[in-house]
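Each remark here refers to the structure printed beneath this line.
Here is the naming used below: chain letters follow the sequence lines, and residue numbers restart at 1 for every chain. Since the structure is predicted, the reported quantities are computational estimates derived from the model, not experimental observations.
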There are 2 protein chains.
Amino acid sequence: MTLSEEDYIKAIYHLGKGENLTVSTNAVAEQMDTKPSSVTDMVKKLSDKGVVNYKPYKGVSLTGYGQKIALSLVRKHRLWEVFLVEKLDFSWDEVHEVAEQLEHIKSEKLIDQLDKHLGYPQVDPHGDPIPSKKGEFKKTIKKSLNEVPMGTSGICVGVKDSSPPFLKFLDKNKIALGDTILVLEKEEFDGSLYIRIKESKIHISNQIASNLYLKITA
Amino acid sequence: MTLSEEDYIKAIYHLGKGENLTVSTNAVAEQMDTKPSSVTDMVKKLSDKGVVNYKPYKGVSLTGYGQKIALSLVRKHRLWEVFLVEKLDFSWDEVHEVAEQLEHIKSEKLIDQLDKHLGYPQVDPHGDPIPSKKGEFKKTIKKSLNEVPMGTSGICVGVKDSSPPFLKFLDKNKIALGDTILVLEKEEFDGSLYIRIKESKIHISNQIASNLYLKITA
DNA sequence: ACTAATATTTAGTTTTGTCTAAATATTAGT
DNA sequence: ACTAATATTTAGACAAAACTAAATATTAGT
Ligand SMILES: [Mn+2]
Ligand SMILES: [Mn+2]
Ligand SMILES: [Mn+2]
Ligand SMILES: [Mn+2]
């Protein structure tokens with residue numbers, strides 16, 4: 001697969017929410033920041049290669065073969081993200097762009113050894129699970145912080161919005177993956193939340209809360 | 001620069017033996033495993049971009065700008081090779097192909113942090129020097145083990161005699177290409193040498209020493 | 001069911017990097 | 001200096017991946 005083909009496969013995978021939904025040409029175009037006509041061209045080629053199922057005007061989905069490729073790419077992307085954060089001191093809002101390039105490096109040994117070097121991590125710096133070599137991975141049950149009952153305590157495992165501004169906000173407020181968060185109280189007026197994180201009590205807007213995923217432990 | 005352009009720049013750099021010699025179209029074609037006509041096309045484009053000096057029928061050389069790019073690529077290539085050997089347990093004959101891909105990843109922070117992670121290495125696994133961020137690097141020379149001053153350390157990069165008996169001897173004594181060798185002391189009587197190789201001190205005859213090449217950073 | 005809005009595909013170009021075959025320049029041998 | 005061999009460039013073509021503009025299909029509103 002070429003770099004371009006691989007990026008399309010990943011886009012179709014992500015738009016299919018891991019359930020291999022059929023996705024529209026326009027959705028892929030938006031995700032890839034390209035034109036719908038370019039998507040049509042590429043999707044025809046991927047169909048010829050047996051990577052996707054494509055019915056004109058009806059959308060596109062991955063074949064079994066296509067899913068395997070997608071999972072392998074996701075694995076590589078997330079392992080590289082872990083490497084960048086754990087070994088090269090990148091912050092979690094800097095890794096995506098570089099991993100987007102590194103995921104295309106062709107070497108099976110490279111990724112096996114990287115996995116080992118990192119101690120076989122289960123999740124990437126954004127809390128997303130890393131598929132095994134065989135393409136299996138644990139579904140993490142995530143809920144956004146604003147939809148759990150008061151008194152719930154859990155571990156921050158991910159974000160919905162991973163834009164640099166949001167990630168920077170989290171850094172500034174010392175909210176990081178792996179932190180234990182306790183939801184204390186909801187402000188009736190604006191739906192904002194009081195939470196306890198690492199011994200300190202902070203106040204976050206409902207919008208912030210809705211973008212933070214919690215893995216509930218109790 | 002595109003991946004293709006970068007590979008051409010590196011080829012011209014290497015053919016120029018680091019002295020920026022003017023090289024022929026055919027030489028570049030051979031190095032790149034492509035056709036001379038393709039080289040002509042690319043060289044014209046690189047000339048337009050100010051990367052090379054090109055006179056039709058007279059050959060091509062790098063401009064100052066082109067040399068900077070070449071050194072940056074060589075730096076990246078060699079740092080990745082060190083990473084693969086030191087951190088991911090690749091052997092020295094497996095790294096080139098992968099480094100050939102990794103050298104094209106675009107991220108200044110990535111390479112700075114990688115350099116730091118590796119402890120600012122001076123040479124790659126093949127004994128070749130790693131240019132600094134500014135493009136400076138030490139020259140290396142290849143000498144047979146019996147003609148270097150005592151106390152010299154270098155990387156074993158080749159053999160003069162490659163007959164099975166000699167190679168078997170090397171195997172038996174755990175001397176392999178890529179090993180770092182330190183010359184400790186010469187025995188006056190027979191010119192034999194005491195050397196240190198991977199934590200162990202061994203004794204080799206002058207004849208053995210004369211058949212081993214060392215790459216030394218000067 | 002008809003029409004308008006939207007989504008998608010088709011047709012025709014462009015850029016990049018490659019190739020083959022033909023033309024031309026350089027070099028070497030006599 | 002002439003000729004033959006070799007090196008290099010030019011011309012024309014192609015595949016990949018993108019784009020714009022036009023055509024067509026789908027969908028939603030009345
Ligand atoms: Mn990518
Ligand atoms: Mn991630
Ligand atoms: Mn390369
Ligand atoms: Mn090397």
Side-chain angles (χ1 to χ4, degrees), chain A residues 1-17 21-62 66 69-70 73 97 100-101 103-106, chain B residues 1-17 21-62 65-66 69-70 73 100-101 103-106:
Chain A
M1 297 296 148
T2 67
L3 190 150
S4 235
E5 289 168 346
E6 289 185 344
D7 279 340
Y8 273 97
I9 292 167
K10 259 197 358 168
I12 294 164
Y13 173 82
H14 282 126
L15 289 167
K17 296 179 196 291
L21 306 174
T22 293
V23 300
S24 75
T25 304
N26 262 20
V28 176
E30 172 138 348
Q31 173 88 4
M32 297 280 301
D33 196 26
T34 186
K35 302 291 171 183
S37 54
S38 302
V39 176
T40 303
D41 288 344
M42 181 58 88
V43 144
K44 280 177 181 168
K45 189 175 40 149
L46 292 177
S47 178
D48 288 345
K49 285 196 170 193
V51 172
V52 302
N53 307 116
Y54 167 62
K55 285 273 170 55
Y57 293 103
K58 296 302 178 190
V60 63
S61 66
L62 295 173
I69 297 171
L73 288 165
E97 184 193 0
E100 201 56 49
Q101 300 176 59
E103 69 192 356
H104 303 288
I105 304 292
K106 265 87 181 166
Chain B
M1 296 295 148
T2 67
L3 190 150
S4 237
E5 289 168 346
E6 289 185 344
D7 279 341
Y8 273 98
I9 291 167
K10 259 198 358 170
I12 294 164
Y13 173 82
H14 283 126
L15 290 167
K17 296 177 195 282
L21 305 174
T22 294
V23 300
S24 76
T25 304
N26 263 22
V28 176
E30 172 139 347
Q31 173 88 4
M32 297 280 301
D33 196 26
T34 186
K35 302 291 171 184
S37 54
S38 302
V39 176
T40 302
D41 289 344
M42 181 57 88
V43 144
K44 280 177 180 169
K45 190 174 42 148
L46 292 177
S47 178
D48 289 345
K49 286 197 171 191
V51 172
V52 302
N53 307 116
Y54 168 60
K55 286 273 170 58
Y57 294 102
K58 296 302 178 188
V60 63
S61 65
L62 295 172
Y65 174 45
I69 297 170
L73 288 164
E100 201 56 48
Q101 301 175 60
E103 70 192 356
H104 302 287
I105 304 292
K106 264 89 182 164

Any donor-acceptor pair under 3.5 Å linking the side chain of A:Thr34 with the backbone of A:Glu30?
no
Given the rule in the salt bridge (Lys or Arg N to Asp or Glu O under 4.0 Å) test, do A:Glu5 and A:Lys49 qualify, once you have shown the distances and angles that lead to the verdict?
CA-CA 11 Å; A:Glu5 289 168 346; A:Lys49 285 196 170 193; 3.1 Å; yes
Can you find a heavy atom in the side chain of [X] that is under 4.5 Å from one in the side chain of [Y]?
X	Y	answer
A:Met1	A:Leu73	no
B:Tyr54	B:Leu46	no
B:Val39	B:Tyr8	yes
A:Asn53	A:Val60	no
A:Asp7	A:His104	yes

Please list, in numerical order, the residues of residues 29-44 of chain A that have a heavy atom closer than 4.0 Å to any atom of DNA chain C.
A:Pro36, A:Ser37, A:Thr40, A:Lys44
Minimum-distance nucleotide to [X] side chain [options: [options]]:
X	options	result
B:Tyr57	C:dT18, D:dT9, D:dT26	D:dT9
A:Tyr8	C:dA7, C:dT9, D:dA18	D:dA18
A:Ser4	D:dT26, D:dA18, D:dA7	D:dA18

Mind listing the closest non-hydrogen atom pair of B:Val43 and B:Val52 along with its distance?
O-CG2, 3.7 Å
Rounded distance (Å) that lies between atom [atom2] of [N] and atom [atom1] of [X]:
X	N	atom1	atom2	value
A:Tyr54	C:dA7	OH	P	16 Å
B:Glu5	C:dT15	CD	C1'	12 Å
A:Lys55	C:dA7	NZ	C1'	19 Å
B:Asp7	C:dT16	CG	C1'	15 Å

Quick one: salt bridge (Lys or Arg N to Asp or Glu O under 4.0 Å) partners of B:Glu100, sequence neighbours excluded?
B:Lys10
Of B:Thr25 and A:Lys58, the one whose closest nucleotide on DNA chain D sits nearer the 5' end is B:Thr25
Using only side-chain N and O atoms of B:Asn26, determine if any of them is under 4.0 Å from OP1 or OP2 of D:dT8.
yes
One should report the stems of DNA chain C, each a stretch of at least three consecutive Watson-Crick or G-U pairs at distances under 3.5 Å, as C:1-30 with D:1-30
